[in-house]
Structure formats: C-alpha cells, structure tokens
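Throughout, a chain's letter reflects where its sequence line sits, starting with A, and its residues are numbered from 1.
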Number of protein chains: 2
Amino acid sequence: MKETVAPAAPRPGALGAHAGWTGRFAGLARLSPTLRRKLEDAARLRRFAAGERVFGPGEKPRGMLFLLSGAVRVHQTSPGGREIVLYRVAAGESCVMTAACLFAEQSYHGEGVAETDVVAAEAPRATFEALLADSPEFRDFVFAAYSHRMIELFRVVEDVVFGRMDLRIAERLCQLADEEGVARVTHQDLAAELGTAREVVSRQLAEFQRRGWIEQGRGRVRLADRAALARFAASA
Amino acid sequence: MKETVAPAAPRPGALGAHAGWTGRFAGLARLSPTLRRKLEDAARLRRFAAGERVFGPGEKPRGMLFLLSGAVRVHQTSPGGREIVLYRVAAGESCVMTAACLFAEQSYHGEGVAETDVVAAEAPRATFEALLADSPEFRDFVFAAYSHRMIELFRVVEDVVFGRMDLRIAERLCQLADEEGVARVTHQDLAAELGTAREVVSRQLAEFQRRGWIEQGRGRVRLADRAALARFAASA
DNA sequence: GCGCGTTGTGTGACCTAGTCACTGAAGGCG
DNA sequence: CGCCTTCAGTGACTAGGTCACACAACGCGC
C-alpha cells in the first residue's frame, strides 16, 4: 500500500524486489545517489526464515548487517543452557554486535536468531567504511544507533546486577502483552528474556496469579489487571 | 625520559604543559597538522585528583573525553549502595559511556571516578565530528575503541548472568595482585568490582584462605598459591 | 475417539548469593 | 593511651538457581 507515491521507475538490480531499499532507511535516505548505488550494489541480500540462526559464536561477521524487514533477537547462552536477551534488531536498524565484532575482528560473542522471516543487507566492511567516510548522515545514523544500544546494554547490566527478579518479570510481561493484554509466551521464553531459570518464572507467575493480576494458559499469559502489574513493576 | 627524540620546538598553546599531546595518541598521531592543531586548540584540559568524580548520573557530557594520563574507573551504583565496575579508561583511551551519552544526548547512566590523578582533554562534539569526518585514522581509532568496549560489556553481562561468584572473585584477585602476588584491596573494593556484597567476598576469601591459596591482612590479600587460584578461576 | 510422544507446567529439596544486624579487631591520630 | 573510623567476621534469614521429578495439555497418526 501507499506505493502510489513512488515516482522514479524501479531500477532492476542485484537486490531484486528490494531494489531501492536505502530510500527507506533513516539516514540512508539522504545518501548521494552515487553512494546509494554503491551500497545497493555491494550489499548482498540475505534471507532467513523465522527461527533460523542469523549468526552465532564461532563465526566472524562477513559484513555489516542492515535489517530490511523482520526482527532479530540477539542473546547470550550459557553452557548450562540458560539464556539472556541482549537486544532486538528491528527493520531499519543495524546490529551492533555485528558492527563491534566486525571492527574488532573477533567472532561473535552471542547468537542472533530471526524472530520472523527476515531480509537483511550485508555490506562488506570496505563499503561500510566508505559510507562512513563520505556521508555525514550515515555517520550520524551509525553513531546514534551504536550509542543507543550501548546505553541499552548499560541498562541490562544494571537490571541484572541490581534488579529484583519479580519486578523484572512483571515488567517484561507488560512489554510482551498485546493490546488485549495477552502474551503468547511460555515460562521458558520469559526466563530466556531475563536470564533466569524457568522454575523461577513459574513460581513468580503462580504468585501473580494468586494476587489476581494474571491468568495462565499453556504458552499464554493474560494480564487480568495490567495496571496493577505495571504499578508493581515500577515499585522498585 | 626519552625526550631527546622530540625534534620540533614545543609550541606554546592553550594546553600548556600538554601541548602536542595528540602526538602520543594512537591514531591521533597521524592526523594532519591542521586537524591536530584544531583538536588541540578546541579541546579543554581538565584535571582531576585521585578519588575525584569525573562524571556521574544527572550530568550530560559536555564533550568527548580523551585521557592523557591517569586512569578512570567507570561503574554503576544501585540505590542500595552496591556497585559494579563496567570498565576502566587508561591513558591514551577515550570513554565510551561519554561518547554514547554525547551522541544519544542523554545524561550519564554511570559514574566515572579518577583512580589516580588524571589529565583529560575534553573536545566539543563539533570538533569530534569534524575529526570523524576528515580523518580515516581517527575514525578507525574511535570505532575500534568503541567496538572493544562493547565486546567487553558483552563479557560483563555474561559473567554477571551466568558466572559463579567464587570463580569471579578468584579471577579478579589474580588480576589485581602485583608481581609479588599482593593485592591492596579491601573486601568492599572486591565486592564493588564484581557487583556483589562485601559479606559474600569475606566468606569466599575465608574459604580460599582455608585452602591455603591466600593470606589476608587488613586491606591486603597475598596470593600464597597464585597458580592454584588461577587454575581454580579457570575451572568453569 | 484412542494411544503416544512432545512440550509446557508444578513442586519439593537443596544450594548459592544477597541482606540485615550485629560484634569486635586494626589502624590512625590527638 | 584512649578514641574514632574503617575493615572484617558471623549468624539468621530471604531470594534466586539447580536438580529431579510428576503430570497435564496438545499434536498427530491411525
């Protein structure tokens, strides 16, 4: 929809159906046509099915990733099988862990998993650096993204080190619920979000239920009293 | 010492005794004379005594910080008074939290404290951006630093979420000890490094002592068997 | 509908880590 | 020497993580 606005003839190119994608990117939209062309030509389109692994420990990034559509969850996994979600990459964003490992020339320290079907553009480091060199807008875009993620990470550390688990579970539950107040997650999913164990989540949800704040089904939590839960989450 | 090498006449300038400091910076050493001049002129020299606060929550960064000498510890503090060290900035490095908050236009999410007497150069954002625009070496320097810190933060998260406290204490003890195997730290210091409580450290050190790995004095831990401690720290 | 494997949840026992409220020891200093 | 401040030790308790289960809900083939 809204494709009626598009004026220029679609340029057939290596990116096929996604030709012209830079136009939809914050920052990238204002690149010079030359740079834009260069980026679209050099980048390789990569597709991932929902649930598929995008990157993981042991691999090195082959280029900078820009997410064109879908969402990627980036998490860390312990030998014991516990998990914690570090951040999510949405369409229009790039992945900081990829950027960091690309520039530090290290292999990934975490895993990226497609949460939906995903289309991403992978730009070689040289192209990425050329863009950084030539486009102030692109620099802004990259630095702002990098900075916000870094701050997000500071927050994750703070939560994990100082935060109370009951409050964190309540908060995440509120975030994950849709407009009807239903979150389609298993206890295990919630545990993986927060870096805790499934049993801890189960016990806490039982307590929330006892207080009448939620109702539970298999793989499903309904917020019976979202306001109370949110109030509790903020009561730190 | 080794000042015999310095060929050019020292240029008197706003930075006084630190004139010409860009020459000692990785990456910055290769700036064009014009840029260098610009940076040295625009940056404001700031001095801090050991123990003094360099920045903290509530403040916004007034510019990018480059540490010319000394060391700064960056940590987060909980309302309850617990602390965790995120990273340290050494001479020749810049501070990522400052960079992140500068670009995201947010106030600091942690606190920076001078661990020794410190001299730092504070470059206004405009100057910083000009350097990024004009110098590939400076971009490399900044991106590499940013990337390494980010990876360090991933590691901190991993340690805190999945790591065992006894191993973390042993590891940090090994890091903090000098060549003679003596660490001049209080139990509280160790706790603040790792984001735990003083009592936890006390109990663990008592156990290490019982095993003959360390000897303790007031504000002082001697590694009686550094190898054993290191082996234990790595036995995860 | 029935059987059966898979996945999600409930629970108790146990251990580690963090909190609270103390005690007393070690050092600095007048 | 006495006094104050800082550091360290300890016990009781709570929160959170681990282990080993039991069992319920669903998916699916027949």
Side-chain angles (χ1 to χ4, degrees), chain A residues 51 76-84 157-173 176 182-210 214-222 232-233 235-236, chain B residues 51 76-84 157-173 176 182-210 214-222 232-233 235-236:
Chain A
Q76 281 186 318
T77 310
S78 80
R82 255 166 70 207
E83 263 183 34
I84 184 168
V157 172
E158 195 176 348
D159 273 11
V160 161
V161 178
F162 306 128
R164 274 171 44 189
M165 197 44 87
D166 49 359
L167 303 178
R168 294 178 63 210
I169 293 174
E171 183 182 13
R172 196 54 73 108
L173 214 40
L176 291 176
V182 175
R184 305 215 141 272
V185 286
T186 66
H187 296 185
Q188 179 58 57
D189 291 339
L190 262 172
E193 289 283 329
L194 301 170
T196 184
R198 198 260 314 162
E199 295 91 321
V200 174
V201 172
S202 291
R203 281 195 275 260
Q204 204 54 58
L205 291 188
E207 173 62 19
F208 290 166
Q209 186 166 33
R210 205 190 53 74
I214 64 169
E215 290 159 11
Q216 299 192 59
R218 187 186 165 91
R220 190 180 146 285
V221 179
R222 206 183 71 76
F232 175 74
S235 72
Chain B
Q76 282 186 316
T77 310
S78 80
R82 255 166 68 206
E83 264 184 33
I84 184 167
V157 172
E158 195 177 348
D159 271 12
V160 161
V161 178
F162 306 129
R164 274 171 45 190
M165 196 46 85
D166 49 359
L167 302 178
R168 294 178 62 210
I169 293 173
E171 184 183 12
R172 196 53 74 109
L173 214 40
L176 291 175
V182 175
R184 305 216 140 271
V185 285
T186 66
H187 296 186
Q188 179 57 58
D189 292 339
L190 262 173
E193 290 283 329
L194 301 170
T196 184
R198 199 258 315 159
E199 295 91 321
V200 174
V201 172
S202 292
R203 282 196 274 260
Q204 204 54 59
L205 291 188
E207 173 63 18
F208 290 167
Q209 186 166 33
R210 206 190 53 73
I214 63 169
E215 289 158 15
Q216 299 192 61
R218 187 185 165 90
R220 191 181 145 283
V221 178
R222 205 183 71 78
F232 175 74
S235 73

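Side-chain N or O atoms of A:Thr77 include none that pairs as donor or acceptor with a backbone N or O of A:Gly81 at under 3.5 Å. Of the possible donor and acceptor atoms, none in the side chain of B:Arg198 sits under 3.5 Å from a partner among the backbone N and O of B:Thr186.
Put simply, CG on A:Leu205 is 12 Å from C1' on C:dG10, counting in whole angstrom units. Remark: P of C:dT11 and CD of A:Gln216 are 11 Å apart, rounded to the nearest angstrom. Following rounding to the nearest Å, B:Arg168 (CZ) and C:dA17 (P) show an atom-to-atom distance of 10 Å. For A:Leu167 and D:dA15, the CG to C1' distance is 12 Å, given to the nearest whole Å. As a whole-Å value, the separation of A:Gln209 CD from C:dG8 P is 18 Å. Look at CZ on B:Arg220: it is 12 Å from P on D:dA8, rounded to the nearest Å.
When each of A:Arg164 and B:Thr186 is assigned the nucleotide of DNA chain D bearing its nearest heavy atom, the one mapping closer to the 5' terminus is B:Thr186.
With sequence neighbours left out, A:Arg222 forms a salt bridge (charged side-chain N to carboxylate O under 4.0 Å, His left out) with A:Glu215. A:Gln209 is linked by a side-chain hydrogen bond (donor to acceptor under 3.5 Å, both in side chains) to A:Gln216, counting only residues two or more places apart in sequence or in another chain. Applying the salt bridge (charged side-chain N to carboxylate O under 4.0 Å, His left out) test to A:Glu207 and every residue at least two apart in sequence or in another chain returns A:Arg210, A:Arg211.
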Would you list the atom pairs, donor with acceptor, under 3.5 Å between side chains in residues 164-173 of chain A and any protein atom, with sequence neighbours excluded?
residue	atom	partner	partner atom	Å
A:Arg164	NE	A:Asp166	OD1	3.2
A:Arg164	NH2	A:Asp166	OD2	2.8
A:Arg168	NH2	A:Leu194	O	2.9
A:Arg172	NE	A:Gln175	OE1	3.2
A:Arg172	NH1	A:Glu193	OE1	2.3

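Considering only heavy atoms from C-beta on, B:Phe162 comes within 4.5 Å of A:Ile84 through its side chain. Side-chain contact between A:Gln76 and B:Val157: present, with at least one pair of heavy atoms (C-beta onward) separated by less than 4.5 Å.
Within 4.0 Å of A:Gly217, counting heavy atoms only, lie sugar-phosphate atoms of the nucleic acid but no base atom. Nucleic acid contact for A:Arg203: base, since at least one base atom lies under 4.0 Å from a heavy atom of the residue.
Using a 4.0 Å cut-off, no side-chain N or O of B:His187 falls inside it from OP1 or OP2 of D:dT6. When the side-chain nitrogen and oxygen atoms of B:Ser202 are compared with OP1 and OP2 of D:dA8, none of them lie within a distance under 4.0 Å. One finds a side-chain N or O of B:Arg82 lying less than 4.0 angstrom from the OP1 or OP2 phosphate oxygen of C:dT19.
Residue A:Arg220 places its CZ atom among more than 12 non-hydrogen atoms of other residues, nucleotides or ligands, all under 6.0 Å distant.
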In 5'-to-3' order, the base (B), backbone-only (S) or no-contact (-) status of each nucleotide in nucleotides 21-30 of chain C, using a 4.0 angstrom heavy-atom cut-off, is B---BBS---
Could you write out DNA chain D as a dot-bracket string, with dots for unpaired bases, | for bases paired across to another strand, and Watson-Crick or G-U pairs counted at under 3.5 Å?
||||||||||||||||||||||||||||||
